[in-house]
Amino acid sequence: MSAETPAVSGQFTRRRQQFRVWRGERPFWSGLFVLLSGFPIAYLPYAHLQIGHLTLAMATTAGAGSLIIGVLLVVLGVSLWFQKHVRVFAGVAAILLGLVSLPVSNLGGFFIGFLLSLIGGAMAVAWAPGEESQAQPAGAGTTEAGDAAMHANDLSGTSPANGANGRHSAG
């Protein structure tokens, strides 16, 4: 596309709406937090900070362990985006990896990666897919057909529509 080619009308808006729908169907923010938590955990044990003429080496003996934890957190964050059915496993794994990063990786990347992994993991475990809203005409829920449909979907076994008269059956 050259500078002289006019952009398709509304393409940006359409792409933004598509991204919004994609983002709403999965634990996007928890995946982002978990993904971002891996970077300070993996990077800080290998970093050398310059304070004036003083070089502060952050290297630890567990540098490989912190690199593995950081890479696993990045992979878990990406898997939360593209495989939403593993959200509980990825959330629990992110929380456990964040806790393990405290002793292994300079206090979990100076608590930055630790806190991001805990928040992202908790959000992943708590996320539930939304139910699709079905368009109903105004007043459709107040009809007898709507009430019958509601009672037909009652699986508790205590609905008068099931013949239980509000009593529980034992047996």
Side-chain angles (χ1 to χ4, degrees), residues 1-3 5 7-135 153-158 168:
M1 179 185 264
S2 68
T5 306
V8 177
S9 164
Q11 184 177 11
F12 176 74
T13 304
R14 186 171 50 90
R15 294 287 186 197
R16 187 173 49 90
Q17 292 295 332
Q18 287 175 345
F19 177 68
R20 183 179 291 175
V21 169
W22 179 83
R23 187 183 69 197
E25 295 174 348
R26 60 200 75 246
F28 176 78
W29 292 108
S30 62
L32 183 67
F33 283 149
V34 171
L35 181 119
L36 291 178
S37 71
F39 293 118
I41 291 174
Y43 174 73
L44 288 177
Y46 294 102
H48 296 285
L49 298 176
Q50 294 284 341
I51 303 172
H53 294 291
L54 179 65
T55 301
L56 182 61
M58 306 292 285
T60 63
T61 58
S66 60
L67 183 65
I68 290 171
I69 290 171
V71 168
L72 284 175
L73 284 169
V74 170
V75 168
L76 286 173
V78 171
S79 70
L80 280 169
W81 284 348
F82 295 108
Q83 296 182 1
K84 59 185 174 185
H85 60 277
V86 298
R87 65 177 175 82
V88 175
F89 168 75
V92 171
I95 291 171
L96 291 175
L97 285 171
L99 289 171
V100 168
S101 74
L102 280 174
V104 171
S105 174
N106 290 339
L107 297 174
F110 292 121
F111 294 110
I112 298 168
F114 167 70
L115 290 175
L116 285 174
S117 67
L118 286 186
I119 291 169
M123 287 172 64
V125 170
W127 184 83
E131 296 179 13
E132 293 182 21
S133 62
Q134 298 176 355
N153 293 332
D154 182 21
L155 300 177
S156 66
T158 60
H168 293 283

Leu102: partners by side-chain contact (heavy atoms from CB on, under 4.5 Å), with sequence neighbours left out: Phe111, Phe114
With Pro40, which residues qualify under side-chain contact (heavy atoms from CB on, under 4.5 Å), at least two apart? Leu44, Ile112
Indicate the atoms forming the closest heavy-atom contact of Ala94 with Gly121, along with that distance. CB-CA, 4.2 Å
Proximity of Phe33 and Phe28 rings by center, below 6.0 Å: no
Any pair counted as side chain to side chain donor-acceptor pair (under 3.5 Å), so long as it reaches residues 17-29, sequence neighbours left out: Arg15-Gln18
Measuring from atom CG of Leu99 to atom CD1 of Ile95, what distance do you get when rounded to the nearest 0.5 angstrom? 7.5 Å
Between CD1 of Ile119 and OG of Ser30, what distance do you get to the nearest 0.5 Å? 12.0 Å
Checking Ile68 now: which residues fulfil side-chain contact (heavy atoms from CB on, under 4.5 Å) with it, not counting sequence neighbours? Leu72
Looking at side-chain heavy atoms only, is the closest gap between Leu116 and Val34 below 4.5 Å? no
List in chain and number order the residues that pass side-chain hydrogen bond (donor to acceptor under 3.5 Å, both in side chains) with Arg16, two or more places apart in sequence or in another chain; answer none if no residue qualifies. none
Heavy-atom closest pair, residues Ile69 and Val100: CD1-CG1, 3.7 Å
Nearest-0.5 Å distance, CG of residue Leu73 to OG of residue Ser117: 5.5 Å
Mind checking the OG-CG spacing from Ser101 to Leu96? Nearest 0.5 Å is all I need. 11.0 Å
Taking only residues two or more places apart in sequence, or in another chain, which ones meet Ala90 in a side-chain contact (heavy atoms from CB on, under 4.5 Å)? Leu76, Ser79, Leu80
List the atom of Pro27, the atom of Lys84, and the distance in Å for their closest heavy-atom pair. CD-CB, 3.9 Å
